[in-house]
2 protein chains.
Amino acid sequence: MGERGVPRAERRRRTEEKILGAARTLFAEVGFERATIRAIARAAGVDPALVMQYFGTKQELFQQAARVTPVADGELTAEEVVEHVLASLSVKMGEVPQGSLAMMRSMLTHPEAAASARQVLGEQIDRLAAAIPAEDARLRAALLTTIMLGVAVGHQLLELDELRGVSSDEIARLLRPSLRALTAEQVAGDRTG
Amino acid sequence: MGERGVPRAERRRRTEEKILGAARTLFAEVGFERATIRAIARAAGVDPALVMQYFGTKQELFQQAARVTPVADGELTAEEVVEHVLASLSVKMGEVPQGSLAMMRSMLTHPEAAASARQVLGEQIDRLAAAIPAEDARLRAALLTTIMLGVAVGHQLLELDELRGVSSDEIARLLRPSLRALTAEQVAGDRTG
DNA sequence: TCATTCGCTCAACAGGCGTTGACTCAACGA
DNA sequence: TCGTTGAGTCAACGCCTGTTGAGCGAATGA
């Protein structure tokens with residue numbers, strides 16, 4: 001199967017990367033429980049036992065495959081926050097990293113993925129809250145985050161017909177006023193009915 | 001174990017309901033794949049074989065347990081749509097029917113659940129779109145729906161700390177301007193930067 | 001050159017899964 | 001009263017899962 005002259009260390013790195021790639025794809029497509037070690041190994045062109053040897057456990061394989069690199073950011077204004085969130089949604093709309101998709105796909109059924117999701121979302125909420133000038137900044141930031149989560153789920157994972165093929169710009173344009181309404185401090189009173 | 005004097009038909013109905021209840025709870029808590037027939041039967045105080053005898057297949061059990069009764073509605077104004085959506089979120093916040101939770105919990109990993117979710121959400125989008133006075137009404141309705149989906153997922157299933165114990169009224173109050181921004185036709189131009 | 005390392009495969013294990021068929025026994029209808 | 005029905009159980013099936021230990025053969029370093 002492979003490249004006779006390649007040194008061991010390099011071969012090992014390549015194989016590990018092949019496995020991680022296959023794992024990311026499968027975890028993203030079918031979630032943690034339906035993505036079997038055997039299927040991942042097959043997709044990577046490798047024996048299932050090798051996957052275990054390299055990653056020890058399906059759990060650890062998932063953790064490495066679904067690791068999301070946290071985007072550390074400086075201080076932002078409220079308006080910048082909106083644009084930042086909108087930009088993160090699109091990232092060219094469909095080029096969302098597979099690791100993130102894997103985590104999202106699994107977060108409702110796999111406890112470890114849920115914990116990761118909570119942490120990642122929690123960090124984003126913290127970052128956003130710092131830029132929202134309101135006493136209930138954390139709650140507003142949480143809603144902002146869940147809004148984007150919902151749109152991402154509906155679009156990337158559920159693949160709702162209505163969102164298919166819609167450009168990220170158009171979604172951003174429609175969503176912008178809604179997000180701004182959350183980041184701007186409410187002054188006017190409102191009625192319930 | 002059971003009520004000697006109860007007639008057969010009644011016993012049968014009660015047992016079926018016990019199984020469905022246990023199924024709803026487990027599907028809602030851990031999703032389709034992790035909710036085993038054995039665990040459901042145990043929770044219902046019944047033999048696993050009986051579950052199969054009554055429902056035929058785990059798939060059919062899920063379909064019956066996660067059946068969501070569509071709320072058919074008359075025509076609404078745009079503002080009524082917002083209130084309707086907000087009200088549906090709360091339904092006393094935490095008393096979301098377990099069937100719906102089961103469907104939501106499973107929709108990212110179980111194809112059948114995904115199909116159901118698409119259908120239910122699609123119907124809601126249709127209903128909402130009819131009340132939104134804009135050319136891109138369907139897209140706006142879809143975003144409205146995914147927004148509420150995200151909030152529900154974050155609150156009910158992911159149980160984000162920031163949303164825990166927050167009253168539905170407060171969430172509705174914060175979300176209202178955002179939703180109205182989506183239902184009201186945009187007139188003002190907007191800048192991207 | 002030769003012993004050693006190590007990437008990788010093979011065959012198997014134990015356990016859990018959905019599902020089935022034979023069975024028990026109380027409720028039923030005549 | 002007695003045969004029939006049907007609710008419910010029991011033990012087992014075949015399959016698939018994550019995981020393991022023994023082994024093969026090429027790259028490695030002395």
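Every chain is numbered from 1, with letters handed out A, B, ... down the list of sequences. Computed from a prediction, not measured in an experiment: that's the story for all the values here.
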Nearest whole Å is fine: how far is [N] [atom2] from [X] [atom1]?
X	N	atom1	atom2	answer
B:E10	C:dA27	CD	P	14 Å
B:R42	D:dG8	CZ	C1'	18 Å
B:I19	D:dA7	CD1	P	11 Å
A:R13	C:dC6	CZ	C1'	15 Å
B:R14	D:dG8	CZ	P	11 Å
B:D47	C:dG21	CG	C1'	13 Å
B:R12	D:dT5	CZ	P	16 Å
B:F55	D:dA7	CZ	P	12 Å

Taking only residues two or more places apart in sequence, or in another chain, which ones meet B:A28 in a side-chain contact (heavy atoms from CB on, under 4.5 Å)? B:L101, B:A102
Between protein and nucleic acid, restricted to nucleotides 15-19 of chain D and to nitrogen or oxygen atoms under 3.5 Å apart, what atom pairs and distances do you find?
residue: D:dG18; atom: OP1; partner: A:K58; partner atom: NZ; Å: 3.0
residue: D:dG18; atom: OP2; partner: A:I37; partner atom: N; Å: 3.1
residue: D:dG18; atom: N7; partner: A:R38; partner atom: NH1; Å: 2.6
residue: D:dG18; atom: O6; partner: A:R38; partner atom: NH2; Å: 3.1
residue: D:dT19; atom: OP1; partner: A:T57; partner atom: OG1; Å: 3.4
residue: D:dT19; atom: OP2; partner: A:K58; partner atom: N; Å: 2.9

Could you tell me whether the phosphate oxygens of C:dC8, OP1 or OP2, come under 4.0 Å of any side-chain nitrogen or oxygen in A:R11? yes
Got a sec, which residues hit side-chain hydrogen bond (donor to acceptor under 3.5 Å, both in side chains) with A:D126, two or more places apart in sequence or on another chain? A:R138
Applied to residues 102-132 of chain B, the ring pair (Phe, Tyr, Trp, His ring centres under 6.0 Å) test, sequence neighbours excluded, yields B:F32-B:H110, B:F62-B:H110
Tabulate below the donor-acceptor pairs under 3.5 Å that side-chain atoms of residues 37-48 of chain A make, not counting sequence neighbours, or state none.
residue: A:D47; atom: OD1; partner: A:A49; partner atom: N; Å: 2.8

Can you list the other members of the hydrophobic cluster that holds B:V30, where links are side-chain heavy atoms under 4.5 angstrom apart? none
Quiz question: going by heavy-atom distance under 3.5 Å, is there a donor-acceptor pair between the base of C:dA27 and the side chain of B:R8? yes
Within 45 degrees of the axis of the six-membered ring of A:F27 and under 6.0 Å from its centre: does A:R34 put its NZ or CZ there? no
